[in-house]
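Shown next, in structure tokens, is the structure this report addresses.
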Amino acid sequence: MPKTDTPEYRKHVYDLVRRIPKGRIMTYGQIAIVLGEGYTPRTVGYVMRNANVDNVPWQRVINSKGGCSTGRILAPHDIQQQLLEAEGVEFNERGFCRVEEYRWEPR
DNA sequence: GGGTTGACGCAGA
DNA sequence: TTCTGCGCCAACC
């Protein structure tokens, strides 16, 4: 079972995130299921936290609520909605988007 | 080695 | 529908 501390583990997550098309999103749970290998939303989130300093569109990765708990991240919460809106993702007043509609699954 | 926290998810009230 | 609690796995103190 891989660990999040290994570059391989993180690369796996990063690669999947980079595959997300423009104007699409993925939830932590979805990623955890797709990666399998004992991945859990927690571990995925842990990796994403470090992805902040990487060339990964981490803003496309959100929680099941369709939003992002940006209040706990190191980066400003404005970029999340801003970048996604630039890609065509619509957000409501609460700062949430329709996950069921924008959710993308790799194959 | 043990306890707490966390970019989460789901079930229950 | 929204809020609260519990569980999950790994990292941090």
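A note on names: the letters A, B, ... follow the listed sequences, proteins ahead of strands, and every chain is numbered from 1.
- Residues forming a side-chain hydrogen bond (donor to acceptor under 3.5 Å, both in side chains) with A:Arg19 (at least two apart in sequence, or on another chain): A:Asp15.
- Distance, A:Gln30 CD to B:dA7 C1': 17 Å, rounded to whole Å.
- Atom-to-atom, OH of A:Tyr39 to P of B:dG9 comes out at 17 Å; the value is rounded to the nearest Å.
- Within residues 78-93 of chain A, no residue approaches DNA chain C, by heavy-atom distance under 4.0 Å.
- Between the NZ atom of A:Lys65 and the P atom of B:dA11 there is a distance of 14 Å, rounded to whole Å.
- The number of heavy atoms from other shown groups lying within 6.0 Å of CD (A:Glu85) is above 12.
- One finds no side-chain N or O of A:Arg10 lying less than 4.0 angstrom from the OP1 or OP2 phosphate oxygen of C:dA10.
- Minimum atom distance to the side chain of A:Thr43 is reached by C:dC9, of the listed B:dA7, B:dG9, C:dC9.
- Rounded to a whole Å, the CD1 atom of A:Ile31 is 14 Å from the C1' atom of B:dG9.
- Partner of A:Asp54 under the salt bridge (charged side-chain N to carboxylate O under 4.0 Å, His left out) criterion, out of A:Arg49, A:Lys11, A:Arg18, A:Arg10: A:Arg18 alone.
- Aromatic ring orientation, A:His12 versus A:Tyr39: perpendicular (interplanar angle above 60°, classes split at 30° and 60°).
- Of the residues near DNA chain C, A:Arg94 and A:Asp5, the one whose nearest nucleotide (by heavy atom distance) lies more toward the 5' end is A:Arg94.
- Across the protein-nucleic acid pair, A:Tyr28 atom OH and B:dG9 atom P stand 8 Å apart, rounded to whole Å.
- Rounded to an integer number of Å, the gap from A:Arg103 CZ to B:dG9 C1' is 12 Å.
- In this model, the phosphate group of C:dA11 is approached by a side-chain N or O of A:Thr4 to a distance below 4.0 Å at OP1 or OP2.
- Annotation: of the two residues near DNA chain C, A:Arg49 and A:Thr40, the 5′-most nearest-nucleotide partner is A:Thr40.
- Separating the CE atom of A:Met48 from the P atom of C:dA10 is a distance of 18 Å, rounded to the nearest angstrom.
- If you check B:dG9, B:dA7, C:dA11 against the side chain of A:Lys3, the one that comes closest is C:dA11.
- OP1 or OP2 of C:dC12 lies within a sub-4.0 Å distance of a side-chain N or O belonging to A:Tyr46.
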